[in-house]
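One structure is given here, and the rest of the page talks about it.
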Amino acid sequence: QVQLAESGGGSVQAGGSLRLSCAASGYTFSRYSRSFCIYWFRQTPGAEREGLAVTYTGGGGPRYADSVKGRFVASLDNGKTTLHLEMSSVRVEDTGIYYCAAEYEPPGGCFRYLLNRGDGLTYWGQGTQVTVSS
């Protein structure tokens, strides 16, 4: 079991930066903590949910969707309980609700859920609104 809570959303001007955070809690704080995949997705009204970034708490670096590669940077804190998303050079089309999601040891690895819009992921946060103005 893992609980996820997003924060950091708000309004930002195009070209600016914003930092989102996803705090994970639950069994991750015990000595029996399990590694898991943790993701950022976004949902724009009228469009399909889009995977943005994923990282595995057991090691390795983040992976990104092509649409945000080079603009968004995902990073884990030292305790591997919070996934940040540094958004830079934001554009109006980045507007949407940003969701954190997680999965323990998914078959086929973490990246597949980034590609399939997160369909089948077990744990989701409530989302945080990001609005980019021109």
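The hydrophobic clustering, which links ILVMFWY residues whose side-chain heavy atoms are closer than 4.5 Å, places Val73 and Val90 together. Under the 4.5 Å side-chain contact rule for hydrophobic residues, Tyr123 and Leu83 share a cluster. Hydrophobic cluster membership differs between Phe111 and Trp40, with clusters built from Ile, Leu, Val, Met, Phe, Trp and Tyr side chains linked at under 4.5 angstrom. Linking Ile, Leu, Val, Met, Phe, Trp and Tyr whenever their side-chain heavy atoms come within less than 4.5 Å puts Leu85 and Val132 in one cluster. Under a hydrophobic-cluster definition in which Ile, Leu, Val, Met, Phe, Trp and Tyr are linked whenever side-chain heavy atoms come within less than 4.5 Å, directly or via other members, Met87 and Tyr39 are assigned to different clusters.
Scored by the side-chain contact (heavy atoms from CB on, under 4.5 Å) test, Gln129 finds Thr95, Ile97, Thr131 as partners (sequence neighbours excluded). Annotation: side-chain contact (heavy atoms from CB on, under 4.5 Å) contacts of Arg49 (sequence neighbours excluded): Phe41, Gln43, Arg117, Asp119, Trp124.
Applying the ring-ring contact (aromatic ring centres under 6.0 Å, His included) definition to pairs two or more places apart or across chains, none involves residues 42-99. Applying the salt bridge (charged side-chain N to carboxylate O under 4.0 Å, His left out) rule to pairs touching residues 88-101 yields Arg42-Asp94, Arg71-Asp94, Arg91-Glu93, sequence neighbours excluded. Evaluation of the disulfide bond (SG atoms under 2.5 Å apart) test over residues 57-125, restricted to residues two or more places apart or in two chains, returns Cys22-Cys100, Cys37-Cys110.
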- [ ] Could you walk me through whether Ser67 and Glu50 pass side-chain hydrogen bond (donor to acceptor under 3.5 Å, both in side chains), step by step?
- [x] CA-CA 10 Å; Ser67 61; Glu50 178 186 14; 2.7 Å; yes
- [ ] Kindly determine whether Arg63 and Thr55 satisfy side chain to side chain contact (heavy atoms under 4.5 Å, CB included), including the steps that lead there.
- [x] CA-CA 6 Å; Arg63 300 181 69 180; Thr55 195; over 6 Å; no
Could you list the donor-acceptor pairs under 3.5 angstrom formed by side chains in residues 8-18, with sequence neighbours left out?
none

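If you check the side chains of Ser21 and Glu6, you find no donor sitting under 3.5 Å from an acceptor.
The CG atom of Leu52 sits 7.5 Å away from atom CG of Leu114, with the distance rounded to the nearest 0.5 Å.
Counting heavy atoms from C-beta on, the side chains of Thr82 and Leu76 never come closer than 4.5 Å. Under the 4.5 Å side-chain criterion, counting only non-hydrogen atoms from C-beta, Leu4 is in contact with Ile38. For the pair Tyr113 and Val54, the minimum side-chain heavy-atom distance is 4.5 Å or more.
The nearest pair of heavy atoms linking Val2 to Ala24 is CG2-CB, 3.9 Å. In this structure, Ala65 and Gly51 approach most closely via the heavy-atom pair CB-O, 3.2 Å.
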